[in-house]
Amino acid sequence: MPKTQPEPEMPLESQPPTPPEPESSQRRKKYDGPTPPGSEPKPKNAITIAMSSRALFNMVDDRRIYEEEGLEKYMEYQLTNENVILTPGPAFRFVKALQHVNARLRDLYPDDQELFDIVLMTNNHAQVGVRLINSVNHYSLLIDRFCLTGGKSPIGYLKAYLTNLYLSADSEKVQEAIQEGIASATMFDGAKDMSYCDTQLRVAFDGDAVLFSDESEQIAKEHGLDKFFQHETLFENKPLAQGPLKGFLEDLGRLQKKFYAKDERLLCPIRTYLVTARSAASSGARVLKTLRRWGLEIDEAVFLAGAPKDPILVKIRPHIFFDDQMFHIEGAKKLGTITAHVPYGVGQKYHT
């Protein structure tokens with residue numbers, strides 16, 4: 001019987017070169033766990049927004065079936081209704097605005113990959129995937145990457161996807177992601193219908209415990225406003241420590257500068273807002289000096305000195321408003337604002 005000839009080795013010069021590691025991977029701590037399906041390296045410098053299916057779509061009825069009748073009935077319901085298109089959820093308009101920004105960037109920088117990369121990250125089972133795909137395609141949403149974890153928490157995969165921001169309707173998962181150092185928020189839809197700008201992404205942030213740490217808020221909560229004002233005056237020239245959403249504001253600012261570089265400042269499709277309960281006279285200077293020290297611009301800053309935020313938010317009409325206190329979230333929701341609760345800092349202790 002003739003011996004089988006071994007295959008010749010590929011000459012060294014003909015072997016394909018090893019691709020360089022993406023810069024975004026070098027900037028972030030590497031994830032050493034399993035690589036989930038569809039989590040190939042994201043485009044270089046892309047800003048990854050991961051969101052749950054219940055943030056993107058209205059799945060209140062679906063959730064009720066799961067909680068009242070169990071997993072098997074839930075999956076049966078999804079299979080039966082896989083051609084029934086899901087209606088928009090709280091993050092839907094935000095996603096549409098992100099896509100508009102991407103389209104404008106591609107017009108100005110055809111070969112650049114510094115874009116928003118949207119990932120649907122859900123603990124749904126794969127059987128639900130067809131209905132989600134049908135709904136995504138129905139609305140022409142450019143979401144190519146799905147992660148369906150079949151009942152397992154998707155939080156462990158967020159680092160594998162190099163996630164910049166995670167949005168969910170599940171407050172426990174958001175809390176878990178915050179503890180992992182990932183910018184995260186729980187999404188809530190507005191209680192009233194409201195029209196939104198289709199040509200400009202509008203993002204509004206609270207200050208303390210959102211863009212900044214909760215160090216100053218701790219003083220206000222534990223020692224009163226007089227001590228807080230004294231502290232902020234004394235440390236006016238000392239930058240505040242960063243909060244969980246500082247990185248996302250940096251991401252937005254980096255994209256804004258790409259439009260400014262093309263003389264598109266007045267037509268920039270991204271606008272950022274600071275909406276804070278701080279008083280401008282007694283504690284506003286430290287906030288503005290902190291942003292300046294960080295090299296960050298905010299387009300509009302509103303210091304309310306304790307007045308309600310919801311009337312201002314109705315005027316701004318942001319696609320998303322981040323705040324750490326449920327008191328402000330509830331007030332904004334009632335007037336129709338899409339809100340995102342950031343469960344971080346001393347405000348959670350006081351349930352406000």
Side-chain angles (χ1 to χ4, degrees), residues 47 49 51 55-58 87-109 114-118 135-136 138-143 164-165 167 183 185 187-207 210-211 245 248-276 296-304 308-323 328-329 331-342:
I47 299 165
I49 313 294
M51 63 183 60
L56 182 59
F57 296 116
N58 181 347
T87 57
F92 184 86
R93 294 181 183 90
F94 178 59
V95 169
K96 297 291 279 189
L98 295 177
Q99 289 188 182
H100 177 73
V101 174
N102 279 353
R104 288 284 308 278
L105 284 167
R106 288 191 183 99
D107 287 343
L108 296 175
Y109 301 91
E114 192 168 14
L115 304 163
F116 291 111
D117 176 35
I118 304 164
S135 298
V136 164
H138 172 81
Y139 294 110
S140 300
L141 302 179
L142 303 179
I143 304 177
N164 298 75
L165 175 67
L167 302 173
M187 293 290 297
F188 297 95
D189 218 340
K192 297 180 180 179
D193 286 335
M194 186 186 293
S195 60
Y196 290 85
C197 181
D198 294 328
T199 58
Q200 187 178 63
L201 168 66
R202 297 179 182 177
V203 182
F205 300 90
D206 179 32
V210 175
L211 290 180
L245 269 294
F248 185 53
L249 179 60
E250 285 179 323
D251 294 331
L252 295 175
R254 194 167 68 251
L255 294 186
Q256 283 180 309
K257 288 177 181 177
K258 296 173 79 69
F259 291 99
Y260 302 164
K262 296 287 189 178
D263 199 24
E264 295 264 336
R265 180 179 285 266
L266 296 180
L267 298 174
C268 182
I270 303 172
R271 193 161 185 84
T272 56
Y273 304 79
L274 172 67
V275 182
T276 173
L296 295 178
E297 293 183 26
I298 201 92
D299 293 304
E300 299 187 31
V302 181
F303 294 90
L304 290 166
K309 297 182 179 183
D310 32 292
I312 294 295
L313 291 166
V314 169
K315 296 296 183 184
I316 294 172
R317 304 197 174 205
H319 294 92
I320 191 167
F321 166 58
F322 295 98
D323 202 294
H328 295 304
I329 295 289
K333 277 171 55 182
K334 287 178 182 177
L335 294 188
T337 299
I338 297 170
T339 54
H341 178 240
V342 182

task = Compare every heavy atom of Y139 with every heavy atom of P88, then report the nearest pair and how far apart it is.
result = CD-OH, 3.5 Å
task = Please identify each residue that fulfils salt bridge (Lys or Arg N to Asp or Glu O under 4.0 Å) with R265, with sequence neighbours left out.
result = E297
key: Straight-line distance of R254 CZ to L296 CG, nearest 0.5 Å   = 11.0 Å
message = Applying side chain to side chain contact (heavy atoms under 4.5 Å, CB included) to I270 and Q200, what does each step give before you reach the verdict?
response = CA-CA 5 Å; I270 303 172; Q200 187 178 63; over 6 Å; no
inquiry  = Contact between L252 and F205 at the side-chain level, heavy atoms closer than 4.5 Å - yes or no?
reply    = yes
task = Apply the test side chain to side chain contact (heavy atoms under 4.5 Å, CB included) to residues I320 and L167: give CA-CA distance (whole Å), side-chain angles for both, the deciding distance (0.1 Å), then the verdict.
result = CA-CA 11 Å; I320 191 167; L167 302 173; 4.0 Å; yes
message = Checking the side chain of R317 only, and the main-chain atoms of C197 only, is there a donor and an acceptor separated by less than 3.5 Å?
response = no
request  = Would you sort out whether L142 and V95 count as a side chain to side chain contact (heavy atoms under 4.5 Å, CB included), showing the intermediate values?
outcome  = CA-CA 9 Å; L142 303 179; V95 169; over 6 Å; no
message = Nearest 0.5 Å, please: how far is CE in M187 from OG1 in T339?
response = 7.0 Å
message = Any salt bridge linking K333 with D310? Criterion: basic side-chain nitrogen under 4.0 Å from a carboxylate oxygen.
response = no
key: For the student: nearest non-hydrogen atoms of P269 and V101, plus distance   = O-CG2, 3.6 Å
remark   = Heavy-atom closest pair (D299 atom, Q256 atom, distance to 0.1 Å) is OD2-NE2, 2.8 Å
message = Could you check whether any side-chain heavy atom of P318 comes within less than 4.5 Å of a side-chain heavy atom of T337, counting everything from C-beta outward?
response = yes
Within-4.5 Å side-chain heavy-atom neighbours: L245 and L165 = yes
ask   = Can you check whether E264 reaches L108 side chain to side chain, under 4.5 Å on heavy atoms?
value = yes
query = How long is the span from the CG atom in L313 to the CZ atom in R202, to the nearest 0.5 Å?
reply = 12.5 Å
request  = Output yes when a side-chain donor or acceptor of H328 lies under 3.5 Å from a complementary backbone atom of D323, and no otherwise.
outcome  = no
task = May I have the step-by-step check of side chain to side chain contact (heavy atoms under 4.5 Å, CB included) for T276 and L304, ending in yes or no?
result = CA-CA 6 Å; T276 173; L304 290 166; over 6 Å; no
query = Under 4.0 Å between a Lys/Arg side-chain N and an Asp/Glu carboxylate O for K96 and D198?
reply = no
Salt bridge D107-R104, side-chain N to carboxylate O under 4.0 Å = no
query = Is the charged tip of K262 near the ring of Y109: under 6.0 Å from the six-membered ring centre and within 45° of its axis?
reply = yes
query = Between F322 and F248, how do the two ring planes meet: parallel, tilted or perpendicular, split at 30° and 60°?
reply = perpendicular
key: Nearest atoms (heavy-atom pairs only) where I338 meets R93   = CD1-NH1, 3.8 Å
I47 side chain reached by D117 side chain, heavy atoms, under 4.5 Å = no
ask   = Side-chain contact, heavy-atom cut-off 4.5 Å: T199 with L267?
value = no
query = Which value, rounded to the nearest 0.5 Å, describes the distance between H319 atom NE2 and L98 atom CG?
reply = 9.0 Å
ask   = Looking at CD1 of I143 and OG of S135, how far apart are the two atoms once the value is rounded to the nearest 0.5 Å?
value = 10.5 Å
key: Closest heavy-atom pair and its distance - L56, F92   = O-CB, 3.7 Å
task = Under the salt bridge (Lys or Arg N to Asp or Glu O under 4.0 Å) rule, collect the residues that match up with R271, sequence neighbours excluded.
result = E300
message = Testing the basics here: between E114 and L255, what is the closest heavy-atom pair and its distance to 0.1 Å?
response = O-CD2, 3.5 Å
inquiry  = Rounded to the nearest 0.5 Å, what separates atom NZ in K257 from atom SG in C268?
reply    = 12.0 Å
key: Check: F321 ring centre within less than 6.0 Å of Y273 ring centre   = no
task = Indicate yes or no for a side-chain donor-acceptor contact from N102 to the backbone of F116 under 3.5 Å, with no hydrogens or angles considered.
result = yes
